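Counting convention: from 1, in listed order, for ligands and their atoms alike. Just so you know, residue 1 is the first one in the sequence shown, and it goes up from there. For clarity, every value in this text was computed on a predicted model and none was experimentally measured.
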Amino acid sequence: MNFTNPFLNGDGDDKLHEECGVFGIIGAPDAAAACALGLHALQHRGQEAVGITSFDGAEFYTRRGLGHVADNFSSAESIAELPGHMAGGHVRYSTTGGSGMRNVQPLYADLASGGFAVAHNGNISNAMRLKQELVSKGAIFQSTSDTEVIIHLVATSRYPTMLDKLTDALRMVEGAYALVVMTPRGMAACRDPMGIRPLVMGRLGDAVVFASETVALDVIGAEFTRQVDPGEFVEVDFDGTIRSHRPFGDTPARPCIFEHVYFSRPDSIFNKRSVYESRKNIGMELAREMPCDADLVVPVPDSGVPAAIGYAQESGLPFELGIIRSHYVGRTFIQPSDSARHAGVKRKHNANRKIVEGKRIVLIDDSIVRGTTSLKIVQMMRDAGAKEVHFRVASPPTGHGCYYGVDTPERSKLLAGRMDLAAMREFIQADSLAFVSIDGLYRAVGLAGRDKACPQYCDACFTGEYPTPLTDLANRKDREAQLSLPVNEDA
Ligand code: AMP
């Protein structure tokens, strides 16, 4: 996450735009190489920068770079710079401010207790307030990353052990975090009390591995053992001893349901479920809830493919690749500016004219965020001669910004934040538009429906019900009100 000047939010863009993946391994002779491979499997979680820190029993070594994992860690020399049996790393994406090298993780500091390196996926929703307090007490920040707040809180904690210092620090933090921490005594992995962001652990021989997603374990041949539970801190020593702590007691888990919808890779296991199966089930629910009189089911590749398979199977309509995707461009959304995003859609998708010409098609995508992709794709289908274009979305309308580490912009930039269903249909110029219901989404992930009293997932981007306080956002709204600035209706 990045801090931006709270007084410069004319466009309401002070939220953190960060999507990240973390990886850690301890007890492996080629820890940095394994870490680079693991991060490569997490590349979809962040494409802007990457870093790895290793520890050889005496010293910490860090190498960071802008760009993809393969751009920075494919040479033997790059890995040779990172000796030792412990390594942790991070892939990162942010769209505004602070995208320079100083924010690239892992962040490292020499504390009184020794070296401390941390890689963080998530957003701290009271980071700005904590930072102001720390700065007023004399702290000097090196980066604009909220992760640095954790380092300062650990550094100034009066508790004796590292675990207690970390617990003390994280007790002050609101929001979402999955952390991989390295100290001269070993590695710790921590997940926020609600487990909003994912974190799993596995084994590679004697080595213990942590990663945002199970695909990062698969790629190095590690065995997936279990998820790090919400609120759990797992400590691993160099002799392989594993200790589990739950410093926050039992709080209801609220993992991010958007990991099932879009964010995780479909071959990952998230919250004990196959992401692929969840996506296929969403498509089936969508076919039951929002059937369509059409000739073909066409996915928006790649993110719409599993749901489209489910939709086709349930509806009995043929599934066809009416859009072909170039694999040499990144995710459309992960582009720093609107113009780049628009160009990205065109470079990424092309109509398979032979398939769609003269047909009534049901287009399936995982979500509509700003509407850029859907508008272009509908137009592309019409240009290729489709007779009717019906749009079905494998998630409910995304009407609210995310403050927990997924780059879903604030309400004013979201199509569903600005428009009702009829206006959205008109905007994307589809013949019909429908979304899966929130209960349909919960059924697809194996539940009877959404428990309104105690929702089983964080679904704030769909419902606007945020499971933690959003202190920085509330403070900003107060400030805007005091200055009589127009209040940006983010939440
Ligand atoms: P848009 O063009 O803004 O409506 O973006 C919609 C597409 O972006 C969806 O079809 C998804 O495949 C993808 N997407 C949705 N949410 C995110 C996100 N938070 N980060 C990156 N990509 C996303």
Side-chain angles (χ1 to χ4, degrees), residues 1 15-21 42-48 91-96 121-123 176 196-197 212 256-266 275 279 282-283 286 298-308 323 325 329-349 363-380 391-419 424-425 427-430 433 435-436 441 458-462:
M1 157 171 183
K15 80 176 271 288
L16 215 271
H17 298 263
E18 192 122 350
E19 307 179 318
C20 303
L42 299 175
Q43 188 76 82
H44 60 287
R45 298 185 74 88
Q47 303 171 355
E48 185 182 284
V91 283
R92 173 169 185 275
Y93 160 70
S94 73
T95 59
T96 56
N121 173 210
N123 281 356
I196 297 176
R197 296 264 65 83
S212 294
C256 165
I257 204 158
F258 204 69
E259 294 279 350
H260 277 307
V261 168
Y262 170 80
F263 207 34
S264 284
R265 254 174 57 168
V275 173
R279 288 185 191 164
I282 304 174
L286 191 54
V298 171
V300 179
D302 292 325
S303 53
V305 171
I323 302 168
R325 183 197 154 161
V329 276
R331 284 183 167 188
T332 313
F333 207 84
I334 301 188
Q335 298 276 355
S337 72
D338 252 9
S339 54
R341 208 164 16 240
H342 283 265
V345 178
K346 278 199 199 143
R347 281 185 293 130
K348 189 159 133 183
H349 295 120
L363 275 179
I364 312 279
D365 204 358
D366 65 285
S367 57
I368 294 181
V369 182
R370 297 175 177 85
T372 321
T373 312
S374 11
L375 172 64
K376 293 245 151 94
I377 296 275
V378 170
Q379 195 53 52
M380 188 183 287
F391 213 102
R392 296 290 178 271
V393 187
S395 58
T398 305
H400 306 268
C402 177
Y403 298 90
Y404 302 127
V406 172
D407 182 21
T408 302
E410 70 273 15
R411 195 163 164 70
S412 59
K413 290 187 180 146
L414 293 166
L415 200 65
R418 299 191 288 126
M419 298 178 191
M424 283 195 273
R425 186 205 62 73
F427 178 87
I428 67 166
Q429 295 169 25
L433 169 67
F435 295 80
V436 77
L441 174 59
C458 174
D459 52 18
C461 53
F462 305 128

Against heavy atoms of [X], which atoms of ligand 1 measure under 4.0 Å?
X	value
Glu19	18 (C), 19 (N), 20 (N), 21 (C)
Ser303	12 (O)
Val406	19 (N)
Thr373	1 (P), 2 (O), 5 (O), 6 (C), 7 (C)
Asp407	18 (C), 19 (N)

Q. Under a 4.0 Å heavy-atom limit, does Val369 contact ligand 1 with its side chain, its backbone, both, or neither?
A. both

Q) Got an N/O contact under 3.5 Å between Ser374 and ligand 1? A)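 No, no N or O pair falls under 3.5 Å.
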
Q: Pick, from Asp302, Asp366, Thr408, Val261, the option with the minimum heavy-atom distance to atom 12 (O) of ligand 1.
A: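 Going through Asp302, Asp366, Thr408, Val261 one by one, Asp366 has the nearest heavy atom to atom 12 (O) of ligand 1.
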
Q: With atom 4 (O) of ligand 1 as the reference point, say which of Gly304, Gly371, Ser395 has the nearest heavy atom.
A: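 When every heavy atom of Gly304, Gly371, Ser395 is considered, Gly371 comes closest to atom 4 (O) of ligand 1.
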
Q) Hey, which of Asp365, Ile323, Leu363, Val305 is the one that makes side-chain contact (heavy atoms from CB on, under 4.5 Å) with Pro299? A)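 By the side-chain contact (heavy atoms from CB on, under 4.5 Å) criterion, Pro299 pairs with just one of Asp365, Ile323, Leu363, Val305: Val305.
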
Q. How far apart are the closest heavy atoms of Tyr404 and Arg197, and which atoms are they?
A.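 Shortest heavy-atom contact: O-NH1, 2.7 Å.
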
Q. Is any side-chain N of the basic residue among Glu19 and Arg45 closer than 4.0 Å to the acidic one's carboxylate O?
A.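 No, this pair does not count.
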
Q. Is a salt bridge present between Arg279 and Asp366, judged by a nitrogen-to-oxygen distance below 4.0 Å?
A.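 Salt bridge flag = no for Asp366 with Arg279.
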
(Q) I'd like to know if the side chain of Glu259 and the backbone of Tyr262 have a donor-acceptor N/O pair within less than 3.5 Å. (A)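 Here the side-chain-to-backbone pair does not exist.
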
Q. Do the rings of Phe263 and His44 sit parallel, tilted or perpendicular, given the 30° and 60° boundaries?
A. perpendicular

Q) Do Ser395 and Ile282 come close enough that some side-chain heavy atom pair is under 4.5 Å? A)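 No, every pair of side-chain atoms sits at 4.5 Å or beyond.
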
Q.
Would Phe263 count as a contact residue for ligand 1, given that I'm defining contact as a non-hydrogen atom of the residue lying under 4.0 Å from a ligand atom?
A.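 No heavy atom of Phe263 comes that close to ligand 1.
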
